[in-house]
There are 2 protein chains.
Amino acid sequence: MSMSEPSSTAPASVEEFRERLAMISAELPKRLRQCADHIAANVDRIAVSTVAELAAGADVPPSALMRFCQILGFSGFSEMQRLFRDAYAPGWPDYATRLKTLRDSGAGSPTALLAEFIDSGRQSLESLAKSVDEQALAQAVDVLSAAGTVHLAGFRRAYPVASYLAYVFEKMAVSAMLHDGAGKLDHRFALRPGDALIAISFAPYSVETLALAEEARARGLAVVAITDGAVSPLAEGADVCLAVSEVDFGAFRSLSATLALALSLAVAVGTARSGV
Amino acid sequence: MSMSEPSSTAPASVEEFRERLAMISAELPKRLRQCADHIAANVDRIAVSTVAELAAGADVPPSALMRFCQILGFSGFSEMQRLFRDAYAPGWPDYATRLKTLRDSGAGSPTALLAEFIDSGRQSLESLAKSVDEQALAQAVDVLSAAGTVHLAGFRRAYPVASYLAYVFEKMAVSAMLHDGAGKLDHRFALRPGDALIAISFAPYSVETLALAEEARARGLAVVAITDGAVSPLAEGADVCLAVSEVDFGAFRSLSATLALALSLAVAVGTARSGV
DNA sequence: CTCGATATGGAATATTTATTCCATTTTCAG
DNA sequence: CTGAAAATGGAATAAATATTCCATATCGAG
């Protein structure tokens with residue numbers, strides 16, 4: 001079996017390691033399969049484990065794991081582990097320790113609340129890094145770069161996002177209009193053909209945002225939706241859908257991921273429009 | 001010298017380790033001092049290094065490092081390292097790998113921009129965890145819990161924060177008034193004695209916010225400032241100052257840390273006011 | 001079924017790493 | 001200055017870990 005032949009070179013980065021792992025995992029005999037599965041699920045333990053520990057975790061003898069490392073292209077386990085030890089992310093455990101201290105200050109205390117919201121914010125941002133639809137983002141930039149005026153609709157919890165977009169577009173000298181519902185005035189007639197709408201809404205989906213999105217579509221505007229998933233009513237009929245989810249703590253959700261996405265979108269659009 | 005006597009028990013957590021390290025560092029002979037300094041600055045390498053590597057880093061012979069581990073209360077280096085290996089934060093390197101991939105998609109591309117803003121958001125939140133003034137936060141909660149109406153002032157970049165606070169206070173059934181400057185109307189007469197103001201502003205400090213804060217103080221309101229440091233003009237004269245900084249990427253800054261802080265404040269105030 | 005190729009497990013061996021011990025140096029109190 | 005206590009460095013030793021090798025088992029093609 002050609003899979004037993006070690007690859008000629010060892011992966012030189014964690015990313016390359018993952019690719020190699022995926023590639024060789026296509027066809028493996030029983031014990032080596034166990035190794036692959038366990039390693040894939042415990043990449044974060046490679047730097048801090050021994051052959052014996054990982055082998056025990058995979059329920060194989062150490063020699064099987066040695067063979068597995070060689071199939072991946074390493075001379076042995078030590079070479080593989082060196083890759084991970086050298087690539088180790090700095091900063092731990094400072095943040096984790098600190099967060100725990102804050103949390104331990106007492107359930108419900110302002111400090112413990114802060115710890116929870118900090119954590120949910122970070123998790124939300126991390127989740128965005130993994131889940132972002134890069135094509136949709138690029139498409140949204142294209143659509144908005146070609147638009148006349150960019151209209152912004154987001155109410156209640158989404159309002160901070162919409163207003164931040166208005167701020168950034170102003171900074172980037174992009175024609176933008178914030179629909180803030182002031183005085184219950186009806187600005188729908190400002191939705192002109194060739195314009196575009198960024199509609200921002202999350203469950204339980206503001207009626208006003210949905211209505212404005214529908215009105216925009218009817219008037220021939222392109223609609224870019226920022227919402228919490230493909231099942232969102234806002235996604236339906238939008239030209240582009242940027243899905244982003246936030247982690248809850250209690251009755252409230254972070255806004256960190258949404259703002260990072262919005263900011264990236266606005267800066268990319270502003271840059272594209274200025275021709276830089 | 002009594003410092004040479006090993007402590008009776010080994011630290012049982014990373015936090016305890018840090019406390020022990022700080023405690024014994026008060027007085028140490030030359031080589032052991034070098035060990036303390038190096039370990040303190042490289043806690044994140046303990047799990048993935050050998051005695052020889054850490055000793056070389058500290059510029060001491062391995063035996064000095066062994067002695068240092070024993071002074072900390074461990075039987076040896078292995079016991080100390082075990083503490084860190086067992087406490088190792090899971091999840092790495094998935095996020096780091098992903099972020100690198102996003103960044104590598106091309107400088108200035110929407111995706112690379114997103115990577116940068118995700119990273120600056122996470123760093124800002126982490127920085128908040130480390131820098132938060134817990135006493136100031138508790139004091140702000142006390143002040144706002146005792147207030148009649150909570151007035152909210154934040155313009156331009158700070159406006160999303162102020163509007164989010166308004167949203168959360170509404171959800172928590174707290175009397176709150178968002179000063180949004182609509183129609184350039186002057187709502188300063190709504191600032192009643194017994195009320196409080198949350199004033200949010202960052203460099204280059206909105207004139208409107210500073211003016212409203214000053215007006216509030218003159219009318220006997222308590223002022224809670226959310227701003228970017230003790231040198232901020234907003235901090236001067238405020239009853240409580242909540243300092244929060246954000247990491248820049250290019251001309252724009254994250255808002256993640258500020259929002260997490262604001263959200264925590266609002267929820268704590270709402271909870272305190274409802275008597276739960 | 002046979003036989004060759006492949007997979008497997010475990011023990012022996014090699015290598016690396018942690019630890020101990022001791023001679024020497026340095027420090028500090030009297 | 002002396003002498004005892006403490007600090008220091010390095011080599012020897014012990015322990016842990018990685019690796020190799022070989023006998024045996026399993027698989028699959030003919």
Side-chain angles (χ1 to χ4, degrees), chain A residues 1-7 10-11 17 24-39 42 45-86 88, chain B residues 1-7 10-11 17 24-39 42 45-86 88:
Chain A
M1 184 170 111
S2 68
M3 281 297 166
S4 303
E5 300 287 337
S7 303
F17 173 88
I24 68 155
S25 293
E27 236 180 50
L28 284 174
K30 182 179 175 183
R31 292 308 187 197
L32 296 180
R33 151 101 6 253
Q34 276 169 249
C35 290
D37 290 346
H38 186 73
I39 291 286
N42 295 274
R45 306 278 336 153
I46 296 176
V48 296
S49 302
T50 59
V51 172
E53 285 168 346
L54 285 176
D59 196 25
V60 298
S63 55
L65 199 86
M66 294 310 305
R67 272 192 289 276
F68 185 68
C69 294
Q70 282 165 355
I71 287 170
L72 281 171
F74 299 103
S75 62
F77 175 75
S78 294
E79 191 184 9
M80 180 173 94
Q81 187 175 59
R82 179 45 58 202
L83 175 70
F84 284 87
R85 286 187 170 177
D86 288 347
Y88 185 80
Chain B
M1 184 173 111
S2 67
M3 279 297 166
S4 303
E5 299 288 338
S7 303
F17 173 88
I24 68 154
S25 292
E27 236 180 48
L28 283 174
K30 182 180 174 183
R31 294 308 188 196
L32 294 179
R33 152 107 359 257
Q34 277 170 248
C35 291
D37 291 345
H38 187 72
I39 292 287
N42 294 275
R45 303 289 323 163
I46 296 176
V48 296
S49 302
T50 59
V51 172
E53 285 168 346
L54 286 176
D59 196 25
V60 298
S63 55
L65 198 86
M66 294 308 306
R67 272 193 288 278
F68 184 69
C69 294
Q70 283 166 352
I71 287 169
L72 281 171
F74 299 102
S75 62
F77 175 74
S78 295
E79 190 184 9
M80 180 174 94
Q81 188 175 59
R82 178 47 56 203
L83 175 71
F84 284 88
R85 285 185 170 179
D86 287 349
Y88 186 80

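Below, each value reflects all heavy atoms present in this structure, side chains not excepted, and no hydrogens, waters or symmetry copies. Residue numbers begin at 1 in each chain, while the letters A, B, ... track the order of the sequences.
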| In terms of side-chain heavy atoms of S63(A), which of dT8(C), dC21(C), dT20(D) is nearest? | dT20(D)
| remark: Quick note, K30(B) side chain, CB onward, closest among dT8(C), dT20(D), dT8(D) is dT8(D)
| remark: Looking only at dT8(D), dG9(C), dA18(C), the nucleotide nearest the L32(B) side chain is dT8(D)
| For the pair made of CD in E79(B) and C1' in dT19(C), what is the distance, rounded to whole Å? | 14 Å
| query | Shortest non-hydrogen contact from E53(B) to R82(A)? | reply | OE2-NH2, 3.1 Å
| message | Measuring to OP1 and OP2 of dT8(D), would you say a side-chain N or O of R67(B) lies under 4.0 angstrom away? | response | no
| field | Smallest separation among heavy atoms of L54(A) and I46(A), with atom names | value | CD1-CA, 4.4 Å
| message | Rounding to an integer number of Å, can you tell me how far F68(A) CZ sits from dT19(D) C1'? | response | 18 Å
| message | Can you tell me which nucleotide in dA18(C), dG9(D), dT20(D) comes closest to the side chain of M66(A)? | response | dT20(D)
| Does Q34(A) reach the side chain of F68(A), with side-chain heavy atoms less than 4.5 Å apart? | no
| query | Is the backbone N or O of E27(A) less than 3.5 Å from a side-chain atom of R33(A), with the two atoms forming a donor-acceptor pair by type? | reply | no
| Just how far, in rounded Å, is C1' of dA7(D) from CD1 of I71(B)? | 10 Å
| Closest approach of L83(A) to P11(A) (non-hydrogen atoms, all atoms of both residues) | CD2-O, 4.0 Å
| field | Between C1' of dA16(D) and CZ of F77(B), the distance in whole Å | value | 13 Å
| query | Hey, does the side chain of S78(B) come within less than 4.0 Å of dT19(C)'s phosphate (OP1/OP2), counting only N and O? | reply | yes
| query | For dT20(D), does OP1 or OP2 lie under 4.0 Å from any side-chain N or O of Q70(A)? | reply | yes
| query | Out of dT19(C), dT19(D), dG9(C), which nucleotide sits closest to the side chain of P62(B)? | reply | dT19(C)
| Roughly, in whole Å, what's the span from CD in Q81(B) to C1' in dT17(C)? | 10 Å
| message | Quick check on contacts: within residues 48-58 of chain A, what sits under 4.0 Å from DNA chain C by heavy-atom distance? | response | none
| remark: When rounded to whole Å, the CZ to P distance for the pair R85(A) and dT16(C) reads 14 Å
| query | Mapping S75(A) and P61(B) to their closest nucleotides on DNA chain D, which lands nearer the 5' end? | reply | P61(B)
| F84(B) and Q81(B), any side-chain heavy atoms less than 4.5 Å apart | no
| Taking CZ from F74(A) and P from dA18(D), how many angstroms apart are they, rounded to a whole number? | 15 Å
| request: Report yes if the side chains of M80(B) and I39(B) come closer than 4.5 Å at any heavy-atom pair, otherwise no. | output: yes
| query | Whole-Å distance between dG28(D) C1' and E27(A) CD? | reply | 14 Å
